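Written below as structure tokens is the structure these notes are about.
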Amino acid sequence: MRKIYIRTSCPYEVIIERGGIKKCGEYISAVTKSRKAAVITDDTVQKLYADTVAGSLKDNGFECSVFAFPNGEQSKNLSTFGQILDFLCESGITRSDIIIALGGGVVGDITGFAAACYLRGVDFVQIPTTLLAQVDSSVGGKTAIDITGGKNLVGAFKQPSLVICDSDTLKTLTPENLSCGMAEVIKYGMIRDSHLFEMLENHTLENVDEIMDEIVYTCIDIKRDVVEGDEFDRGERMILNFGHTIGHAIEGWHSYTDYTHGMGVAAGMCLITDRFAPELSERLKKCVLAYNLPIGTEAPIAELLPYCSKDKKREYGNISYIVCTTVGKAEIRKSTVSEFEKAMGE
Ligand SMILES: NC(=O)c1ccc[n+]([C@@H]2O[C@H](COP(=O)([O-])OP(=O)(O)OC[C@H]3O[C@@H](n4cnc5c(N)ncnc54)[C@H](O)[C@@H]3O)[C@@H](O)[C@H]2O)c1
Ligand SMILES: [Zn+2]
């Protein structure tokens with residue numbers, strides 16, 4: 001077992017352990033005095049892991065209720081949010097009890113937001129079961145839901161009390177979902193860690209499980225460092241957005257249907273590198289392809305640019321984007337939207 005200590009305003013530990021979810025009751029009992037828990041999950045993850053989690057909680061003296069909603073991004077909305085709040089109330093969860101998010105980033109985001117709002121804040125634990133959730137969304141304290149106007153537009157900063165990452169749970173993911181998480185992993189290598197990137201270059205999607213604990217540990221440690229320096233996302237945290245400005249645009253161009261977030265990020269990293277650090281393009285693309293991710297998009301650049309200028313990270317007609325000039329080093333660049341469009345269009 002490995003642990004990472006996150007020193008944010010409310011500090012907490014991340015446990016990385018194969019088979020860790022079987023012991024979650026023991027770990028959770030160390031971060032709360034309560035013995036009453038509500039587990040929030042989705043229907044897919046419920047079938048796979050809810051009994052294991054509930055069983056371990058009960059073995060450790062917890063009374064535990066489980067709520068599952070239909071899996072997928074379309075559930076990350078106000079209606080499901082309301083159902084979760086009603087469930088917490090009906091289950092008699094009080095301010096001193098504990099809420100557990102068991103699932104991917106959708107479950108983590110909506111449950112974290114419910115934990116931030118219900119009774120003005122109840123402690124919660126993240127048990128992320130997708131690679132994306134383990135290396136990205138479960139750590140850092142950003143929670144959110146989607147509204148008609150856009151994704152993640154309503155949310156709160158709420159750090160969890162504990163995160164338990166069990167890489168054995170990733171074995172039941174579809175290859176597409178694993179690829180999607182690998183895009184974020186490649187991103188971490190590019191922005192901060194040439195050794196991680198080299199490890200990725202020496203593996204493929206087929207055998208990456210061999211190094212999964214090392215990957216999860218390294219990525220969370222990078223996220224820890226960035227988040228500790230900028231908990232409320234005012235500056236430095238932006239480097240985690242490498243590939244994302246264009247990635248979001250590609251997702252938007254595809255109406256968020258046939259293009260996953262990871263595919264968008266992978267193509268976004270390649271497109272920005274092609275323009276601003278072409279000497280790295282070949283290496284990056286080889287790695288991206290080894291994890292079955294796209295190195296570009298059929299969307300014409302000119303059609304993507306309007307989506308970029310709608311990006312949340314834009315302020316006062318300026319746009320920020322991240323460029324990696326060396327593997328392991330990223331810089332934040334700011335320019336006017338028109339300068340960015342000119343550079344991308346060339
Ligand atoms: N809060 C943050 O900082 C942050 C960061 C990045 C992404 N996000 C959010 O995360 C979400 C995407 O996360 P995601 O990709 O995990 O999506 P997800 O939660 O929808 O999970 C993807 C699919 O995998 C299934 N699944 C989950 N675990 C499984 C397992 N172990 N075995 C088999 N199937 C499993 C789910 O049921 C779902 O169908 C988006 O809503 C995004 O906005 C948040
Ligand atoms: Zn991302």
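Fair warning: this is a prediction, and the values are worked out from it, not measured in the lab. Ligands are counted one by one from 1 in listed order, and the atoms in each one are counted from 1 as well.
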Practice problem: Evaluate the side-chain contact (heavy atoms from CB on, under 4.5 Å) criterion for residues E17 and K23: first the C-alpha distance (whole Å), next the side-chain angles of each, then the deciding distance (0.1 Å), finally the verdict. | Solution: CA-CA 10 Å; E17 182 180 28; K23 297 193 223 158; 2.8 Å; yes
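- Here the CG atom belonging to L205 is positioned 9.0 Å from the CD atom belonging to E176, to the nearest 0.5 angstrom.
- D166 has no carboxylate O lying under 4.0 Å from a charged side-chain N of K22, or vice versa, which leaves the two without a salt bridge.
- Near T169, meaning under 4.0 Å from any of its heavy atoms, are these atoms of ligand 1: 30 (C), 31 (N).
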Using residues 108-117 as the side-chain source, report each donor-acceptor pair under 3.5 Å to any protein atom, sequence neighbours left out, with the distance given to one decimal.
from: D109; atom 1: OD2; to: K76; atom 2: NZ; distance (Å): 2.9
from: T111; atom 1: OG1; to: V107; atom 2: O; distance (Å): 2.6

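- Per-residue contacts place E73 under 4.0 angstrom from the following atoms of ligand 1 (heavy atoms of the residue considered): 40 (C), 41 (O).
- Checking only distances, G105 does come within under 3.5 Å of ligand 1, N or O to N or O.
- Atom 21 (O) of ligand 1 has T130 CG2, 3.7 Å as its closest protein atom, hydrogens excluded (heavy atom only).
- Counting heavy atoms closer than 4.0 Å to ligand 1, residue D42 contributes side-chain atoms (C-beta onward) but none from N, CA, C or O.
- Within a 6.0 Å radius of CD in E279, other residues, nucleotides and ligands contribute more than 12 heavy atoms.
- If you check which protein heavy atom lies closest to atom 32 (N) of ligand 1, you get T172 OG1, 2.7 Å.
- Considering only non-hydrogen atoms, atom 6 (C) of ligand 1 lies nearest to D136 out of N71, D109, D136.
- For ligand 1 and T44, the ligand atoms under 4.0 Å from any heavy atom of the residue are 34 (N), 37 (O).
- Backbone and side-chain nitrogen or oxygen atoms of L48 are examined, and none is located within less than 3.5 angstrom of a nitrogen or oxygen of ligand 1.
- Ring-centre distance between F276 and Y321: below the 6.0 Å cut-off.
- In this structure, atom 4 (C) of ligand 1 lies nearest to the protein heavy atom S137 CB, 3.2 Å.
- Here E331 does not pair with K329 in a salt bridge; the nearest charged N to carboxylate O distance is not below 4.0 Å.
- The single protein non-hydrogen atom nearest to atom 26 (N) of ligand 1 is V45 CG2, 3.9 Å, given as residue, atom name and distance.
- Minimum-distance N/O/S atom of E184 relative to the Zn ion (ligand 2): OE2.
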Let's go through K58 and E63 carefully: what are the C-alpha distance in whole Å and the side-chain angles of both, what is the deciding distance for salt bridge (Lys or Arg N to Asp or Glu O under 4.0 Å) to 0.1 Å, and is it a yes or a no? CA-CA 6 Å; K58 284 175 188 154; E63 182 194 325; over 6 Å; no
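- Atom numbering of ligand 1 starts at 1 in the shown order; those under 4.0 Å from a heavy atom of K142 are 1 (N), 2 (C), 3 (O).
- Near G104, meaning under 4.0 Å from one of its heavy atoms, ligand 1 places the atoms 16 (O), 19 (O).
- Using a cut-off of 4.0 Å between Lys/Arg side-chain N and Asp/Glu carboxylate O, E13 and R2 are scored as not salt-bridged.
- Atom numbering of ligand 1 starts at 1 in the shown order; those under 4.0 Å from a heavy atom of V106 are 11 (C), 13 (O), 18 (P), 19 (O), 20 (O), 41 (O).
- Between R224 and E228, at least one side-chain N (NZ, or NE/NH1/NH2) sits under 4.0 Å from a carboxylate O, which counts as a salt bridge.
- Salt bridge present: R18 and D168 bring a charged side-chain N and a carboxylate O closer than 4.0 Å.
- Within ligand 1, the atoms closer than 4.0 Å to a non-hydrogen atom of N152 are 43 (O), numbered from 1 in the order shown.
- Closest heavy-atom approach to atom 42 (C) of ligand 1 among the candidates E176, K76, H261: K76.
- Ranking the protein heavy atoms by distance from atom 29 (C) of ligand 1 puts L173 CD2, 3.5 Å first.
- For ligand 1, the polar-atom distance check against T129 finds a nitrogen or oxygen pair separated by under 3.5 Å.
- Counting heavy atoms only, N177 comes closest to atom 22 (C) of ligand 1 of the residues D168, N177, D166, L131.
- Of all protein heavy atoms, the one lying nearest to atom 7 (C) of ligand 1 is L132 CD2, 3.6 Å.
- Within 6.0 Å of atom CG in D59, more than 12 heavy atoms from other residues, nucleotides or ligands are found, so the atom counts as buried in its surroundings.
- The distance from the CD1 atom of I127 to the OH atom of Y49 is 12.0 Å, given to the nearest 0.5 Å.
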